[in-house]
Amino acid sequence: MMIIVEKKIVANIPLLEVVQKELLDQAVPTVFFFHGFTSAKEHNLHYAYLMAEKNIRVVLPEADLHGERSRELSMVEQALYFWKIILKNIAELAELKEAYVRNRQTLENQIGVAGTSMGGITTFGALCKYDWIKAAVSLMGNPAYHHFARYLVNQLQSQGYKIPYSEQQLEGEYQKLLPVDLSMNPEKLNNRPLLFWHGKKDPIVPYTYAYDFYQKVKENYSEHPDHIRFILDHHAGHKVSREGLLATVDWFEQFLQ
């Protein structure tokens with residue numbers, strides 16, 4: 001088995017595509033995997049390699065203002081663009097999906113989405129917006145966009161950073177998140193397979209938002225309880241364990257084939 005990593009641009013988006021050589025031009029299950037804040041597409045190649053071994057094509061897009069798409073911005077400036085980056089990720093996912101379906105490299109009913117941290121947050125928003133996602137994995141993500149946005153602003157302010165927006169402008173920004181806030185639209189899950197992984201000691205994306213959401217929606221999975229799972233690592237911080245990595249691969253092997 002030969003697994004190839006191809007660097008390419010699809011729909012004007014730089015990405016890495018990882019797939020078995022013999023499946024390169026075939027329509028196979030496809031996972032779009034989004035990286036975290038201040039990270040880059042190359043940092044998740046280990047996920048892609050292990051999924052490619054399972055006959056899955058993995059597409060690793062570069063988020064705006066990251067990696068190849070980075071610009072000269074301070075950390076605070078980049079942080080202020082955080083939600084715009086996520087919303088752009090979600091919009092670009094549709095463009096990538098259309099391109100791969102059009103090129104007959106994936107099937108519309110075999111598409112998965114996953115990501116770490118900011119990518120895990122992106123995953124929840126994508127589930128809220130697109131019913132064609134068959135299965136998903138959110139690693140260190142947060143489905144409560146509206147509440148988490150307020151939390152992040154409070155965190156910045158408590159650290160002495162001046163936010164260049166008025167309260168009214170901030171409210172306007174929060175409102176833009178509501179249409180893709182899965183915690184406000186839990187019915188959009190529609191029993192689709194969803195795996196959560198989170199470290200209990202995560203200081204950056206507190207696990208409680210995702211865990212509370214999981215407790216709320218798992219009742220809706222009574223007919224398919226195996227379609228939803230939360231792995232809470234009691235010792236981990238903001239770094240996915242090997243258990244989380246392997247669980248991600250197993251999840252898509254089980255639910256995308």
Side-chain angles (χ1 to χ4, degrees), residues 1-35 41 44-63 88-116 119-120 122-139 141 180 182 185 187-197 221 223-224 226-229 245-257:
M1 179 194 303
M2 180 181 288
I3 293 173
I4 62 170
V5 179
E6 189 175 358
K7 186 176 182 180
K8 57 202 297 188
I9 294 177
V10 178
N12 296 316
I13 302 158
L15 57 82
L16 295 175
E17 183 181 323
V18 184
V19 66
Q20 289 179 34
K21 186 177 182 181
E22 55 268 33
L23 301 177
L24 183 61
D25 297 315
Q26 295 184 34
V28 295
T30 300
V31 171
F32 294 95
F33 197 106
F34 291 90
H35 64 74
K41 58 189 182 304
N44 293 311
L45 277 168
H46 51 313
Y47 289 91
Y49 179 86
L50 292 174
M51 282 190 267
E53 285 190 321
K54 307 295 185 181
N55 304 323
I56 295 170
R57 182 189 312 279
V58 185
V59 176
L60 305 158
E62 193 87 88
K88 193 162 186 177
N89 276 349
I90 295 169
E92 290 181 343
L93 172 61
E95 297 174 34
L96 290 170
K97 172 253 190 184
E98 290 300 330
Y100 276 87
V101 171
R102 187 168 58 247
N103 293 338
R104 298 179 180 174
Q105 291 177 294
T106 190
L107 298 170
E108 205 153 3
N109 62 351
Q110 288 185 303
I111 292 172
V113 179
T116 56
T122 295
T123 299
F124 287 128
L127 280 168
C128 192
K129 187 163 186 179
Y130 305 125
D131 59 7
W132 41 259
I133 298 171
K134 185 178 182 184
V137 176
S138 177
L139 305 154
V180 285
L182 190 60
N185 304 276
E187 72 285 350
K188 295 287 183 71
L189 266 181
N190 197 25
N191 284 274
R192 286 176 289 175
L194 174 59
L195 170 67
F196 305 72
W197 184 95
Y221 282 78
E223 291 184 20
H224 301 284
D226 60 319
H227 282 200
I228 193 162
R229 183 184 178 199
L245 162 65
L246 297 178
T248 298
V249 177
D250 290 344
W251 194 259
F252 286 122
E253 183 183 20
Q254 179 180 357
F255 290 112
L256 271 196
Q257 308 291 359

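Atom set for the values below is all heavy atoms of this structure, side chains included, hydrogens, waters and symmetry mates excluded.
For the atom pair CG of D131 and CG of L189, the computed distance is 12.0 Å after rounding to the nearest 0.5 Å. To the nearest 0.5 angstrom, I228 atom CD1 is 5.0 Å from L194 atom CG. We find the CD1-CG distance between I4 and L23 to be 9.5 Å, quoted to the nearest 0.5 Å. To the nearest 0.5 angstrom, I13 atom CD1 is 4.0 Å from E92 atom CD. Between the CZ atom in F32 and the CG atom in L93 there is a gap of 6.0 Å [rounded to 0.5 Å]. From R57, atom CZ reaches atom OH of Y100 across 7.0 Å, with rounding to the nearest 0.5 Å.
The heavy-atom pair separating W251 from D226 by the smallest distance is CH2-O, 3.5 Å. When all heavy atoms of L195 and A247 are compared, the closest pair comes out as CD2-O, 3.7 Å. Summarising the geometry of V18 relative to L45, their closest heavy-atom pair is CG2-CD2, 3.8 Å, with the distance given to 0.1 Å. Across every non-hydrogen atom of N55 and V28, the tightest pair is O-CB, 4.0 Å. The two residues S138 and G120 make their nearest non-hydrogen contact at OG-O, 3.0 Å. The two residues M51 and V31 come nearest to each other via the heavy atoms SD-CG2, 4.0 Å.
Without hydrogens or angle criteria, R192 side chain to L127 main chain gives a donor-acceptor distance under 3.5 Å. Side chain of T106 to backbone of P29: no donor-acceptor contact under 3.5 angstrom is found. When atom types are taken as modelled, the side chain of Q20 and the backbone of A52 share a donor-acceptor pair closer than 3.5 angstrom.
Under the salt bridge (charged side-chain N to carboxylate O under 4.0 Å, His left out) criterion, K54 pairs with E253, sequence neighbours left out. Shown here are the side-chain contact (heavy atoms from CB on, under 4.5 Å) partners of R104, two or more places apart in sequence or in another chain: there are none. Qualifying side-chain contact (heavy atoms from CB on, under 4.5 Å) partners for A27, counting only residues two or more places apart in sequence or in other chains: L107. Take F196 and apply the ring pair (Phe, Tyr, Trp, His ring centres under 6.0 Å) test, not counting sequence neighbours, and it matches F124, Y214, F230. Applying the salt bridge (charged side-chain N to carboxylate O under 4.0 Å, His left out) rule to E95 yields no partners; only residues at least two apart in sequence or on another chain are considered. Remark: F34 engages no residue in a ring pair (Phe, Tyr, Trp, His ring centres under 6.0 Å) (not counting sequence neighbours). For Y49, there are no ring pair (Phe, Tyr, Trp, His ring centres under 6.0 Å) partners at least two apart in sequence or on another chain. The side-chain contact (heavy atoms from CB on, under 4.5 Å) check on A63 picks up H35, H66, I85, N89, M118, with sequence neighbours excluded. Residues forming a side-chain contact (heavy atoms from CB on, under 4.5 Å) with K134 (at least two apart in sequence, or on another chain): L256. Under the ring pair (Phe, Tyr, Trp, His ring centres under 6.0 Å) criterion, Y221 pairs with no residue, sequence neighbours left out.
When side chains are defined from C-beta on, V137 does not count as touching F255, because their heavy atoms never get closer than 4.5 Å. Counting heavy atoms from C-beta outward, K97 and E108 have side chains that approach closer than 4.5 Å.
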### Steps toward side chain to side chain contact (heavy atoms under 4.5 Å, CB included) verdict (L96, L15)
CA-CA 10 Å; L96 290 170; L15 57 82; 3.6 Å; yes
### Message
Show, in sequence, the C-alpha distance, side-chain angles and deciding distance for L245 and Y47, and conclude whether the side chain to side chain contact (heavy atoms under 4.5 Å, CB included) test is met.
### Response
CA-CA 7 Å; L245 162 65; Y47 289 91; 3.3 Å; yes
### Message
For a side chain to side chain contact (heavy atoms under 4.5 Å, CB included) check, start with the C-alpha distance between E223 and N191, then their side-chain angles and the critical distance, and finish with the verdict.
### Response
CA-CA 9 Å; E223 291 184 20; N191 284 274; 5.5 Å; no
### Q257 vs I56, side chain to side chain contact (heavy atoms under 4.5 Å, CB included): CA-CA, chis, key distance, verdict
CA-CA 9 Å; Q257 308 291 359; I56 295 170; 3.9 Å; yes
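The list of side-chain hydrogen bond (donor to acceptor under 3.5 Å, both in side chains) pairs with a residue in residues 2-15, not counting sequence neighbours, reads K8-E17. Among pairs with a residue in residues 20-35, none fulfils salt bridge (Lys or Arg N to Asp or Glu O under 4.0 Å), at least two apart in sequence or across chains.
Within a 6.0 Å radius of CE in M1, other residues, nucleotides and ligands contribute more than 12 heavy atoms.
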